Amino acid sequence: MHFGDLRWGEVVAMVGGALLALSVFLPWYETGNANATIGGNGPDIANQGFSAWDVLPVWRFLLLLAAIAPFILAWIIVREHRLSWPRGELTAVVGLTALTLILVKGFIFKPGEPTGQISLSYGYFLALIASILILIGAFVRSTEIGRTRKPPGVL
C-alpha cells in the first residue's frame with residue numbers, strides 16, 4: 001500500500017464524500033406554516049427541519065453511495081489497482097450525478113406541499129458544496145494522468 005500516491009485531489013474528494021454523508025442526516029428542508037406537509041408528516045409541523053434521510057426514501061441511499069465513491073477511488077490508488085479507464089473518471093461522473101440529483105431535489109422537484117412553504121436549510125447547501133468538492137477532486141485526478149494517444153483505427 002502506497003499512501004504517498006494520494007494527491008490533494010483525492011483528499012478534497014474524500015472530504016466532500018464525508019460531508020455529503022453527514023449532510024444526508026442534517027436538515028435539508030424547513031416548513032413555513034402549519035398547513036405545510038412534507039415526507040408523510042401532516043399539518044401542524046410549522047417551522048420544523050427535515051433531513052434528506054427523513055424526506056427522500058430512495059435518494060438518500062443514492063447520495064450515500066455517491067459519498068463513498070471518493071473513498072473507493074483512494075483505495076484503488078493506494079492499492080495500485082490497474083483500471084481500463086483513467087483513475088478518477090468514474091468518481092467524477094458520480095460527483096456530477098450527485099450534484100444533479102441535489103439540484104433537482106432543491107429547485108425542480110422540491111418535496112412537500114405547498115412547495116412555496118418549504119424552504120431549503122443548511123444541510124442542503126452543505127450537500128451541494130460536498131458534491132462540488134467530490135467533482136473537483138475527481139476531475140483533478142482524472143486530468144493529472146495523461147492518456148496515451150493511439151493512431152486512428154486502433155482500438
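For this chain, numbers begin at 1 and follow the sequence in order. Computed from a prediction, not measured in an experiment: that's the story for all the values here.
Here the side chain of Thr31 pairs a donor or acceptor atom with the backbone of Gln48 at under 3.5 angstrom.
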Working for side chain to side chain contact (heavy atoms under 4.5 Å, CB included), residues Leu63 and Ile102 | CA-CA 9 Å; Leu63 292 171; Ile102 293 167; 3.9 Å; yes
query: What do the steps show when you test Val140 against Val12 for side chain to side chain contact (heavy atoms under 4.5 Å, CB included), and what is the final call?
result: CA-CA 10 Å; Val140 166; Val12 168; over 6 Å; no
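Neither Leu128 nor Val93 shares a network with the other; the hydrophobic side chains, linked directly or stepwise wherever heavy atoms of I, L, V, M, F, W or Y lie under 4.5 Å apart, form separate groups for each. There is a path of hydrophobic side-chain contacts, each under 4.5 Å, that joins Leu56 to Leu22. Linking ILVMFWY residues whenever their side-chain heavy atoms come closer than 4.5 Å, directly or via other members, leaves Val94 and Leu62 in distinct clusters.
Nearest heavy atom pair, residue Ile68 against residue Leu65, reads CG1-O, 3.1 Å. Across Lys110 and Ile118, no two heavy atoms sit closer than the pair NZ-O, 3.1 Å. Looking at every heavy atom in both residues, Ala98 comes nearest to Ala66 through CB-CB, 3.9 Å. In plain terms, the two heavy atoms of Pro114 and Ala36 that are nearest each other are CD-CA, 4.1 Å. Across every non-hydrogen atom of Ala92 and Leu135, the tightest pair is O-CD1, 3.2 Å. The heavy-atom pair separating Glu30 from Gly49 by the smallest distance is CG-CA, 4.1 Å.
Note: Trp53 and Phe61 have perpendicular aromatic rings, judged against thresholds of 30 and 60 degrees for the angle between ring planes. Between Tyr124 and Trp28, the ring-plane angle classifies as perpendicular under the 30° and 60° cut-offs.
A distance of 9.0 Å separates CD in Glu10 from OG1 in Thr91, rounded to the nearest 0.5 Å. Going from atom CG of Leu20 over to atom CD1 of Ile132 covers 11.5 Å, rounded to the nearest 0.5 Å. Annotation: the span from Leu103 atom CG to Ser131 atom OG amounts to 7.0 Å, rounded to 0.5 Å. To the nearest 0.5 angstrom, Ser23 atom OG is 12.5 Å from Phe125 atom CZ. Asp54 CG to Tyr29 OH: the interatomic distance, rounded to the nearest 0.5 Å, is 11.5 Å. Ile134 contributes atom CD1, which lies 11.0 Å from atom CG of Leu73 (distance to the nearest 0.5 angstrom).
Side-chain atoms of Phe107 and Leu120, non-hydrogen and from C-beta on, do get closer than 4.5 Å to each other.
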